[in-house]
**Q** 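A single structure is presented below for examination.
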Amino acid sequence: MQDFKLLLHNKNIKHITLDSREVKEGSLFIALQGFKYNGNKFIKAAIAKGASLVFCDNSEEIGDKSTVYFIENLKAQLADIVKTIYVKTPKELYAVTGTNGKSSIIDLIRQSKLLLNENITTIGTLGVYKNNELIENLVNTTPDICKFFQILNENSDDSFAFEASSHGLEQERFAKLKLDTAIFTNLTRDHLDYHANMTDYFAAKLKLFTRHLKKEGFAIINADDDYGAQIISICKAKQLKFFTYGKKAHDLKLISQNNELFTLKYQNQLYEFNTSLIGEFQIYNIMAVISLLLLKNIPMNNIIGIVEKFVPIKGRLEEVKSNKNYRVFIDYAHTPDALENILVTLKANCKNKLILLFGCGGERDQGKRSKMAIIADKYADITVVTDDNPRNEDAAIIRDEIVKYLHNFYNIGERKAAIRHALAIAEKDDIVVLAGKGHENYQIIGEQKIHCDDYETVSELLNVE
């Protein structure tokens, strides 16, 4: 068996990738049999792009023995290989897991740190941000282990916050990384195309707390979520430090909420907050961030000032301002729980009709389709069913699986045409919400990724500057 550390040293490797498309001069290319693709099939392409070294998990693929090496149990050794090159990690590490709210909380942590004049790097669905600058868009919420540790290494002087997806946790993309703070938002149905059931889905999320939290670190937990209550019990049993937020919380308790004004109780004192973010679900996201700031010993009066300066998050109940007599919102909601949250919120603020546009992704949990349709029928006055990311499924069949649960609907596959129709039927004091894509600027049809941006489409149709 080859000593990979000696090989890395002799070849002076500074960059590692699992993706042959990202190979550059001097890279180490890791060729693994993956869930969807076999990296061994891309060895020649990687060498042609300048890879100095290739580690593969199939001994039959060895050609140029000076460059390509079979590494026994390569996948099991991947974390050690990566950590040999990317040795630096930030001093402060925060991670957020759960079904809904991860992206919003990560962005609010980013906003908080900037208001405190601290540098921060974040990774998540919105991309890689360094302070206010978008450094890179990502294909996945959690990048692969090579990319993840490369970003950590390059931004080791900053505070660092990231979304910990169930895929990332299950596939051990975080290796043995230890966290100062791990935040749990909620758990509702999602990703059951990947996880066998909700028990397995929860088990993946739980790893963030049982494997990755420092001994002196804190778990921040939504006490109002049933799975959150289970995490609290597990933290008690394992003697992990934890801090709770929510209506049932012991630490940061939600006392009341009236639109964007809410009252919290902390250490037997009441505090009032104002926010420009819409909806109770956003109050919960804000409470998670307040919890983090309190654990960082930021005075509550300072935190009140920070919360009042929070700005809406891209694609999360983001309003498209126009001179029309109706309102248009864009949201990323693509789970039953998230869809219900935004519809309940908007229904309470709607003076006339609530018009919903949404679809469901192909090659994903098909059980969500009926649940989301039933929720749409319950809260929306009119539903426009359109294509989301059909991938390799028949888009018309996906829509048909949705509309059979609806009463007042339009079935329009092409997304821009569907948005045009939703806006055309809107009247005075209506609210139109386009759900499912949020910040995304693409649509996946078959194997093609085409440009598709709901905000851009609405702005163009409404002549928004």
Side-chain angles (χ1 to χ4, degrees), residues 86 88-169 173-175 177-185 205 208 212-214 217-220 275 277 281-282 284-296 298 303 306-307 309-318 332 438-441:
Y86 301 134
K88 297 179 184 177
T89 53
K91 294 176 182 177
E92 287 189 336
L93 276 165
Y94 319 123
V96 184
T97 199
T99 304
N100 300 311
K102 297 188 298 297
S103 301
S104 294
I105 291 172
I106 289 294
D107 195 75
L108 295 177
I109 292 173
R110 184 186 65 83
Q111 291 187 42
S112 300
K113 288 291 187 178
L114 294 180
L115 290 166
L116 290 166
N117 296 313
E118 297 179 26
N119 291 320
I120 184 163
T121 299
T122 60
I123 295 179
T125 309
L126 298 176
V128 182
Y129 272 85
K130 187 176 179 69
N131 296 328
N132 267 329
E133 184 181 358
L134 175 62
I135 301 298
E136 185 178 356
N137 286 307
L138 297 173
V139 176
N140 300 313
T141 297
T142 304
D144 67 58
I145 187 172
C146 299
K147 185 72 173 178
F148 181 75
F149 277 91
Q150 178 190 342
I151 297 168
L152 285 179
N153 187 73
E154 291 173 349
N155 298 280
S156 59
D157 292 334
D158 299 348
S159 296
F160 203 98
F162 64 94
E163 293 182 47
S165 69
S166 59
H167 291 67
L169 287 160
R173 297 180 200 170
F174 312 123
L177 193 68
K178 293 295 183 182
L179 306 168
D180 297 279
T181 310
I183 299 174
F184 175 78
T185 63
K205 296 290 190 183
L208 190 69
H212 294 285
L213 197 59
K214 289 179 180 176
F218 265 92
I220 295 175
T275 178
L277 277 61
F281 65 95
Q282 289 287 28
Y284 274 79
N285 294 335
I286 291 170
M287 282 193 288
V289 179
I290 293 173
S291 301
L292 174 63
L293 296 175
L294 288 170
L295 290 173
K296 300 304 295 178
I298 308 297
I303 294 173
I306 289 170
V307 170
K309 292 176 182 176
F310 283 159
V311 297
I313 298 124
K314 184 172 177 60
R316 272 62 179 174
L317 270 193
E318 181 181 15
Y332 188 55
H439 65 285
E440 290 181 348
N441 61 2

**Q** Quickly, which of Leu317, Asn285, Leu126 forms a side-chain contact (heavy atoms from CB on, under 4.5 Å) with Ser104? Name it, please.
**A**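 Among the candidates, only Asn285 passes.
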**Q** Roughly how far, to the nearest 0.5 Å, is CG of Leu208 from OG of Ser165?
**A**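 It is 10.5 Å, given to the nearest 0.5 Å.
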**Q** Between Lys130 and Asp158, is any pair of side-chain heavy atoms under 4.5 Å apart?
**A**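 The answer is yes, as the side chains (C-beta and beyond) meet within the 4.5 Å cut-off.
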**Q** Is any side-chain heavy atom of Ile151 less than 4.5 Å from a side-chain heavy atom of Ile123?
**A**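 They are in contact (side-chain heavy atoms under 4.5 Å apart), so the answer is yes.
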**Q** Ignoring hydrogens, what is the shortest heavy-atom contact between Glu118 and Leu114? Give both atom names and the distance.
**A**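 Result for this residue pair: O-CD2, 3.8 Å.
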**Q** When you compare the side chain of Ile183 with that of Ile109, does any pair of heavy atoms fall below 4.5 Å?
**A**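 Sidechains of Ile183 and Ile109: in contact.
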**Q** Just so I know, are the side chains of Lys88 and Asn155 near enough to count as touching, which here means a heavy-atom distance under 4.5 Å?
**A**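 No; the side chains remain at least 4.5 Å from each other.
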**Q** Tell me which one of Ile290, Val289, Leu115 satisfies side-chain contact (heavy atoms from CB on, under 4.5 Å) with Ile306.
**A**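 For Ile306, the side-chain contact (heavy atoms from CB on, under 4.5 Å) check succeeds only for Leu115.
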**Q** If you round to the nearest 0.5 Å, how far is OG of Ser291 from CD1 of Ile286?
**A**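 Taking CD1 in Ile286 and OG in Ser291, the distance rounds to 11.5 Å.
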**Q** Restricting to ring-ring contact (aromatic ring centres under 6.0 Å, His included), what partner residues turn up for Phe148, sequence neighbours left out?
**A**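 So Phe148 forms a ring-ring contact (aromatic ring centres under 6.0 Å, His included) with Phe162, Phe174.
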**Q** Applying side-chain contact (heavy atoms from CB on, under 4.5 Å), run through Leu116 and Leu293 and close with a yes or a no.
**A** CA-CA 10 Å; Leu116 290 166; Leu293 296 175; 4.1 Å; yes
**Q** Can you tell me how far apart NE2 (His212) and CG (Leu169) are? Round to the nearest 0.5 Å.
**A**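 The distance works out to 5.5 Å.
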**Q** Any side-chain heavy atom of Leu138 sitting closer than 4.5 Å to one from Val128?
**A**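 When only atoms from C-beta onward are counted, Val128 and Leu138 do touch, with a gap below 4.5 Å.
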**Q** Should Glu92 and Lys113 count as an ion pair when the cut-off is N to O under 4.0 Å?
**A**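 Salt bridge between Glu92 and Lys113, a charged N being under 4.0 Å from a carboxylate O: yes.
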**Q** Applying the salt bridge (Lys or Arg N to Asp or Glu O under 4.0 Å) criterion to Asp180, which one of Lys296, Lys214, Lys91 satisfies it?
**A**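 Only one option passes, and that is Lys214.
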**Q** Indicate whether any N or O donor in one side chain lies under 3.5 Å from an N or O acceptor in the other, for Asn153 and Gln150.
**A**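 There is no such pair between these side chains.
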**Q** Which heavy atom of Ala161 sits nearest to which heavy atom of Ile120, and what is that distance?
**A**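 For Ala161 and Ile120, the tightest heavy-atom pair comes out as CB-CD1, 4.3 Å.
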**Q** Taking all non-hydrogen atoms of both residues into account, name the closest pair between Arg316 and Ser103 and its distance.
**A**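 Looking at all heavy atoms of both residues, the shortest contact is NH2-OG, 3.1 Å.
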**Q** What do you reckon, is NZ of Lys309 surrounded by more than 12 foreign heavy atoms closer than 6.0 Å?
**A**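 No - once you tally the heavy atoms of other residues, nucleotides and ligands closer than 6.0 Å, there are 12 at most.
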**Q** Indicate yes or no for a side-chain donor-acceptor contact from Arg110 to the backbone of Thr121 under 3.5 Å, with no hydrogens or angles considered.
**A**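 The answer is no, because no donor-acceptor pair under 3.5 Å joins these two groups.
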**Q** Measure the OG1-NZ distance between Thr125 and Lys314 for me, rounded to the nearest 0.5 Å.
**A**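 Here the interatomic distance stands at 13.5 Å.
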**Q** Rounded to the nearest 0.5 Å, what separation is found between the OH atom of Tyr86 and the CG atom of Leu152?
**A**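 Spacing of OH (Tyr86) from CG (Leu152) equals 11.0 Å.
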**Q** Without swapping roles, check the side chain of Gln111 against the backbone of Leu108 for a donor-acceptor pair under 3.5 Å.
**A**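 No.
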**Q** Could you pull out the closest heavy-atom pair between Thr142 and Gly168, with the gap in Å?
**A**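 Closest heavy-atom pair between Thr142 and Gly168: CG2-CA, 4.2 Å.
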**Q** Taking all atoms of both residues into account, what is the closest heavy-atom pair of Ser166 and Lys205, and its distance?
**A**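 Closest heavy-atom pair between Ser166 and Lys205: N-NZ, 3.6 Å.
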**Q** Quick one: does Leu277's side chain get under 4.5 Å of Phe310's, heavy atoms only?
**A**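 Side-chain contact under 4.5 Å: yes.
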**Q** Going by the side-chain contact (heavy atoms from CB on, under 4.5 Å) test, name the single residue among Ile105, Thr97, Thr99, Ile220 that passes it with Thr185.
**A**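 Testing each of Ile105, Thr97, Thr99, Ile220 against Thr185, the sole residue satisfying side-chain contact (heavy atoms from CB on, under 4.5 Å) is Ile105.
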**Q** First locate atom CD1 of Ile313, then atom CD1 of Ile106, and finally report the distance between them rounded to the nearest 0.5 Å.
**A**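 Here the interatomic distance stands at 11.0 Å.
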**Q** Between the side chains of Glu136 and Lys147, is the shortest nitrogen-to-carboxylate-oxygen separation below 4.0 Å, so that they form an ion pair?
**A**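 Yes.
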